[in-house]
2 protein chains.
Amino acid sequence: MRIQKARTQGFCFGVELTYKKALAETAERDDVYTMGNIVHNPLIVRELDDKGLKNVDSLGDIPEGTLFVRAHGLPPQTIAEAEGKGLRVVDATCPMVTRTQRLAKKLTEEGRTVVILGDPNHPEVKGIAGHAPGCIVMNEWPEDESQIRRARRIAIVSQSTLNGDKFRELVGKIAAMNYELRVYNTICSDTQGRQKSARELAGEVDTMIVIGGTKSANTRHLAEISEAEGATAHLIENLEDLRREWFRGDERVGIATGASTPGFLADEVIDRLMEWFPQAEADWA
Amino acid sequence: MRIQKARTQGFCFGVELTYKKALAETAERDDVYTMGNIVHNPLIVRELDDKGLKNVDSLGDIPEGTLFVRAHGLPPQTIAEAEGKGLRVVDATCPMVTRTQRLAKKLTEEGRTVVILGDPNHPEVKGIAGHAPGCIVMNEWPEDESQIRRARRIAIVSQSTLNGDKFRELVGKIAAMNYELRVYNTICSDTQGRQKSARELAGEVDTMIVIGGTKSANTRHLAEISEAEGATAHLIENLEDLRREWFRGDERVGIATGASTPGFLADEVIDRLMEWFPQAEADWA
């Protein structure tokens with residue numbers, strides 16, 4: 001067995017920033033609330049839970065104190081409502097997402113129909129959509145094309161963690177339907193780099209272990225990309241999910257991690273594989 | 001055998017215009033020159049040749065008289081040169097192409113890198129490129145991506161007769177490489193309609209007969225699209241090219257025609273098929 005890690009590992013820039021802000025806030029106060037998990041990684045969520053970050057479903061569940069806006073951002077309407085009820089708001093939205101929110105707002109104000117490529121149920125997409133009234137959210141090509149056919153002066157933006165293949169496909173199709181179109185590739189550079197390094201590695205190995213939250217969009221895309229390259233991909237959240245029966249012992253194994261996956265998890269997986277298969281060779285870099 | 005014609009038939013708007021202008025010009029004068037065939041259909045070319053339209057390779061071959069600018073257009077440099085040497089210039093460029101030339105010029109003047117999707121050897125593309133100094137012409141995805149990676153502020157336009165599938169593919173790929181992009185789908189509406197009706201028909205029949213000039217980009221794309229839909233496609237220029245051995249007699253046959261294919265050719269093909277297979281049923285509409 002030969003084990004290799006994908007080139008891009010560890011927290012992305014945005015997760016790192018949000019994580020540190022949450023640590024600082026919870027160290028100073030005990031009235032810090034987040035609406036939903038601050039990032040899509042269960043280990044980080046548990047750590048901050050232990051430090052007193054309170055996770056609520058809605059603003060109504062926050063009596064007073066601080067609304068901590070997580071990495072994915074929030075619709076401006078929610079932030080205005082929080083401020084209206086006297087909450088202190090700490091904005092830890094990923095700067096890449098903030099940039100896309102502002103862009104979507106500007107494009108809408110210019111009279112364009114904003115099309116957001118991404119999952120309508122993902123909090124980042126909901127936040128961006130809040131900045132672009134009248135926008136269209138598209139995760140798959142719709143069976144009913146009438147909405148996109150009727151739209152005029154379309155400008156496309158994307159969820160920061162969209163699969164690049166899906167971006168290419170949907171942009172191409174929308175462009176073919178419109179005389180004039182603006183496209184902003186707001187897939188963040190970390191996601192693009194992580195997808196590229198997962199794709200390269202998956203092309204060289206038999207089995208890919210993708211580590212990250214099962215709810216994490218960017219992590220799931222790494223598994224999809226690995227399968228598309230012909231590797232067998234297993235998505236795990238932590239060491240306990242790893243199964244010995246997935247391996248024969250003579251294969252090449254690649255490890256890729258999501259943007260909110262702590263770096264030590266990949267090393268733990270390597271340790272476990274070397275325990276099971278002592279002849280295994282690993283690139284620790 | 002059952003024979004059906006694709007919904008869109010006959011000359012497109014631009015070819016019709018150019019053809020009529022050429023008839024009018026040649027009726028009035030005998031010093032009318034075109035650089036290259038006025039449209040990519042040999043029957044029309046022969047007819048206008050008989051009426052005295054002179055086909056030359058370069059401006060140097062025109063001693064005096066009229067330069068008839070054919071449907072595909074010409075680079076502005078060539079037109080300026082013709083005017084400089086005292087020629088009378090009659091512009092019969094397809095209005096859709098003129099619109100794209102003007103757009104490419106405007107985008108270049110705004111400091112954008114114009115990417116023309118199309119065949120670099122096609123006269124229409126050469127004409128548009130003449131209006132957009134510094135542009136990139138792309139017919140296939142390049143092995144060396146450096147030129148497209150280095151380009152800033154890209155605006156995409158297209159040859160009027162590009163295959164829509166290729167447009168989607170190339171636009172998607174370029175968009176994935178750039179933060180901001182403008183896309184103008186300058187595939188003309190006739191081409192889009194002809195491709196759509198050929199695709200629909202090819203999906204229902206066994207064999208497609210595509211009639212048009214073998215040099216005609218839009219005709220060749222109809223054959224490609226038909227094959228992609230699973231039909232066997234034969235590209236013919238005229239009745240003489242039609243082969244009896246292509247048919248069994250019990251199949252469904254579709255007929256599609258290019259933008260510069262005279263309408264009577266499809267009917268001639270139907271006549272011939274009915275001669276060979278008297279039980280055949282044909283939709284003449």
Side-chain angles (χ1 to χ4, degrees), chain A residues 95-96 99-100 102-104 106-107 110 112-117 138 141 145 148-149 151-196 199 221 225, chain B residues 95-96 99-100 102-104 106-107 110 112-117 138 141 145 148-149 151-196 199 221 225:
Chain A
M96 306 293 162
R99 184 189 189 196
T100 305
R102 287 187 186 147
L103 174 64
K106 179 172 157 282
L107 291 165
E110 287 171 6
R112 296 198 164 262
T113 304
V114 172
V115 174
I116 307 171
L117 303 183
M138 187 185 292
W141 191 249
E145 297 176 350
I148 198 84
R149 284 200 181 276
R152 286 288 167 268
R153 306 187 73 225
I154 288 179
I156 298 176
V157 303
S158 161
Q159 184 177 341
S160 65
T161 52
L162 193 74
N163 184 331
D165 290 336
K166 185 174 280 186
F167 180 82
R168 275 186 285 277
E169 180 205 334
L170 296 177
V171 166
K173 285 186 168 176
I174 296 172
M177 277 190 183
N178 285 272
Y179 178 67
E180 189 260 350
L181 183 73
R182 299 205 181 171
V183 189
Y184 297 85
N185 178 1
T186 57
I187 301 178
C188 72
S189 53
D190 182 272
T191 294
Q192 297 193 37
R194 232 171 261 268
Q195 291 182 358
K196 185 165 180 275
R199 182 175 293 119
H221 297 151
I225 286 167
Chain B
M96 306 293 162
R99 185 189 189 194
T100 306
R102 287 188 185 145
L103 175 64
K106 179 172 157 283
L107 291 165
E110 286 171 8
R112 296 196 165 263
T113 305
V114 172
V115 175
I116 307 171
L117 304 183
M138 188 185 291
W141 191 249
E145 297 176 349
I148 198 84
R149 285 201 181 277
R152 286 288 167 267
R153 306 188 72 226
I154 288 179
I156 298 176
V157 302
S158 161
Q159 183 176 342
S160 65
T161 52
L162 194 73
N163 184 331
D165 291 336
K166 185 173 279 184
F167 180 83
R168 275 186 285 277
E169 179 205 333
L170 297 178
V171 166
K173 285 187 168 175
I174 296 172
M177 278 191 181
N178 285 270
Y179 178 68
E180 189 259 350
L181 182 72
R182 299 207 180 172
V183 189
Y184 297 85
N185 177 1
T186 56
I187 301 179
C188 72
S189 53
D190 182 90
T191 295
Q192 297 193 36
R194 231 170 262 267
Q195 291 183 356
K196 185 165 180 275
R199 181 176 292 117
H221 297 151
I225 286 168

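Chain letters run A, B, ... following the sequence lines, proteins first, then strands; residues in each count from 1. No hydrogens, no waters, no symmetry mates; every other heavy atom, side chains included, goes into these values.
Only the side chain of Phe167(B) comes within contact range of chain A, with heavy atoms under 4.5 Å apart. Using a 4.5 Å cut-off between heavy atoms, Glu180(B) contacts chain A through both its backbone and its side chain. For Leu103(B), the part sitting under 4.5 Å from any heavy atom of chain A is the side chain, from C-beta outward, and nothing else.
Using a 4.5 Å heavy-atom threshold, the side chains of Leu181(B) and Tyr184(A) count as separate. The closest side-chain heavy-atom distance from Asn185(A) to Asn178(B) is not below 4.5 Å.
The CD atom of Glu169(B) sits 13.5 Å away from the NZ atom of Lys173(A) when rounded to the nearest 0.5 Å.
Within the structure, every pair that satisfies the side-chain hydrogen bond (donor to acceptor under 3.5 Å, both in side chains) test and touches residues 153-165 of chain A, not counting sequence neighbours, is listed here: Glu124(A)-Ser160(A), Gln159(A)-Thr161(A), Asn163(A)-Glu224(A), Asp165(A)-Arg168(A).
Under a cut-off of 6.0 angstrom, the local environment of CZ in Arg182(A) is crowded, with over 12 non-hydrogen atoms contributed by other residues, nucleotides or ligands.
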